**Student:** 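To start, I am sharing the structure in question, which I have written as structure tokens.
Bear in mind the structure is a predicted one, so any value in this text is a computation, not a measurement. Below, chains carry the letters A, B, ... as their sequence lines are ordered, and counting in each starts from 1.
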Amino acid sequence: MNYWLMKSEPDVFGIADLRAAPKKTTAWDGVRNYQARNFMRDDMKKGDLVLFYHSNCEVPGIYGIGKISREAYPDETAFQRGHVHYDPKSRREAPTWYVVDVTFVREFAQPVSLETLKAHHARLSEMLILRRGNRLSVTPISTREWDFITSLA
DNA sequence: GCCAACGTTGGC
DNA sequence: GCCAACGTTGGC
């Protein structure tokens with residue numbers, strides 16, 4: 001089993017939206033970065049656990065946990081002309097972009113803020129999210145990082 | 001709202 | 001293949 005961190009803007013879709021979603025599950029659509037896509041398409045397995053990160057908000061940080069409930073399949077939004085995530089170069093015969101399904105597991109009583117993560121830089125220096133300028137929306141997390149971060153929550 | 005960092009695009 | 005221009009991300 002693998003661990004991941006996935007970013008989302010809570011104004012668009014946050015952990016509360018995941019909890020409230022039908023079957024507490026959503027298709028993680030709109031990823032339009034090849035490295036992030038490769039993680040989702042090639043490496044994410046059913047049952048993998050996800051740190052749900054809120055970006056572009058008052059207190060950026062990790063707000064809860066989700067799990068991968070369905071492995072990669074084509075991102076329908078890429079085929080829909082006029083959709084914000086429409087991409088004409090993705091075709092049904094040869095999809096460029098993929099989604100996975102993410103299911104709610106729990107919301108932290110107290111989020112683990114970016115500030116807190118930075119304060120533990122010595123233990124978390126490998127975390128891609130903490131690297132200067134990193135914008136990847138899907139990143140792998142080591143078992144050690146997972147255990148430490150969930151112990152902070 | 002600002003702006004640094006980064007990925008992508010497209011002319012050459 | 002280079003690289004300047006541009007768009008996006010995301011912390012602050």
Side-chain angles (χ1 to χ4, degrees), chain A residues 2-21 26-44 48-68 72-142 144-146 148-153:
Chain A
N2 293 309
Y3 298 111
W4 304 94
L5 180 146
M6 297 173 93
K7 283 187 209 172
S8 186
E9 302 186 19
D11 290 349
V12 179
F13 193 90
I15 187 85
D17 298 302
L18 185 59
R19 187 208 288 274
T26 194
W28 201 270
D29 61 21
V31 171
R32 296 291 180 270
N33 170 283
Y34 286 99
Q35 204 180 345
R37 179 211 60 186
N38 291 347
F39 283 138
M40 293 204 305
R41 186 191 60 185
D42 304 334
D43 300 325
M44 277 189 176
D48 284 0
L49 292 171
V50 175
L51 295 172
F52 197 119
Y53 183 93
H54 285 184
S55 65
N56 250 317
C57 57
E58 195 176 344
V59 182
I62 297 160
Y63 280 70
I65 294 174
K67 69 171 182 234
I68 303 303
Y73 58 101
D75 186 341
E76 283 294 317
T77 66
F79 306 135
Q80 294 164 12
R81 194 179 298 271
H83 194 285
V84 274
H85 295 142
Y86 175 63
D87 183 353
K89 71 177 175 294
S90 185
R91 292 164 294 111
R92 286 182 189 280
E93 321 85 75
T96 305
W97 305 115
Y98 287 79
V99 299
V100 294
D101 281 358
V102 179
T103 298
F104 178 85
V105 174
R106 71 184 178 102
E107 184 170 359
F108 292 155
Q110 197 70 18
V112 180
S113 67
L114 179 60
E115 190 182 9
T116 300
L117 294 173
K118 285 178 173 173
H120 292 284
H121 187 258
R123 298 184 76 145
L124 298 173
S125 59
E126 297 302 307
M127 267 183 74
L128 293 173
I129 192 84
L130 298 179
R131 300 264 177 92
R132 179 182 171 83
N134 193 309
R135 306 189 321 193
L136 255 193
S137 63
V138 178
T139 54
I141 294 287
S142 72
R144 190 168 303 144
E145 289 160 351
W146 177 274
F148 181 63
I149 290 165
T150 53
S151 77
L152 291 175

**Student:** Provide the full list of salt bridge (Lys or Arg N to Asp or Glu O under 4.0 Å) pairs with a residue in residues 74-87 of chain A, sequence neighbours left out, each pair given once.
**Tutor:** A/R32-A/D75, A/E76-A/R92, A/D87-A/K89
**Student:** Under the salt bridge (Lys or Arg N to Asp or Glu O under 4.0 Å) rule, what pairs show up with a residue in residues 101-113 of chain A, not counting sequence neighbours?
**Tutor:**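 Those involving residues 101-113 of chain A are A/R19-A/E107.
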**Student:** Could you run through nucleotides 4-10 of chain C and give me one letter per nucleotide, 5' to 3': B if any protein heavy atom sits under 4.0 Å from the base, S if only the sugar-phosphate is that close, - if neither?
**Tutor:** ---BBBB
**Student:** What residues form a ring pair (Phe, Tyr, Trp, His ring centres under 6.0 Å) with A/F39, not counting sequence neighbours?
**Tutor:**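 A/W4.
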**Student:** Tell me every residue that passes side-chain contact (heavy atoms from CB on, under 4.5 Å) with A/R91, counting only those two or more places apart in sequence or in another chain.
**Tutor:** A/E93, A/A94
**Student:** Can you list the residues that meet the side-chain contact (heavy atoms from CB on, under 4.5 Å) rule with A/N38, with sequence neighbours excluded?
**Tutor:**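 Partners of A/N38 by the side-chain contact (heavy atoms from CB on, under 4.5 Å) criterion, ordered by chain and then number, come out as A/R41, A/D42.
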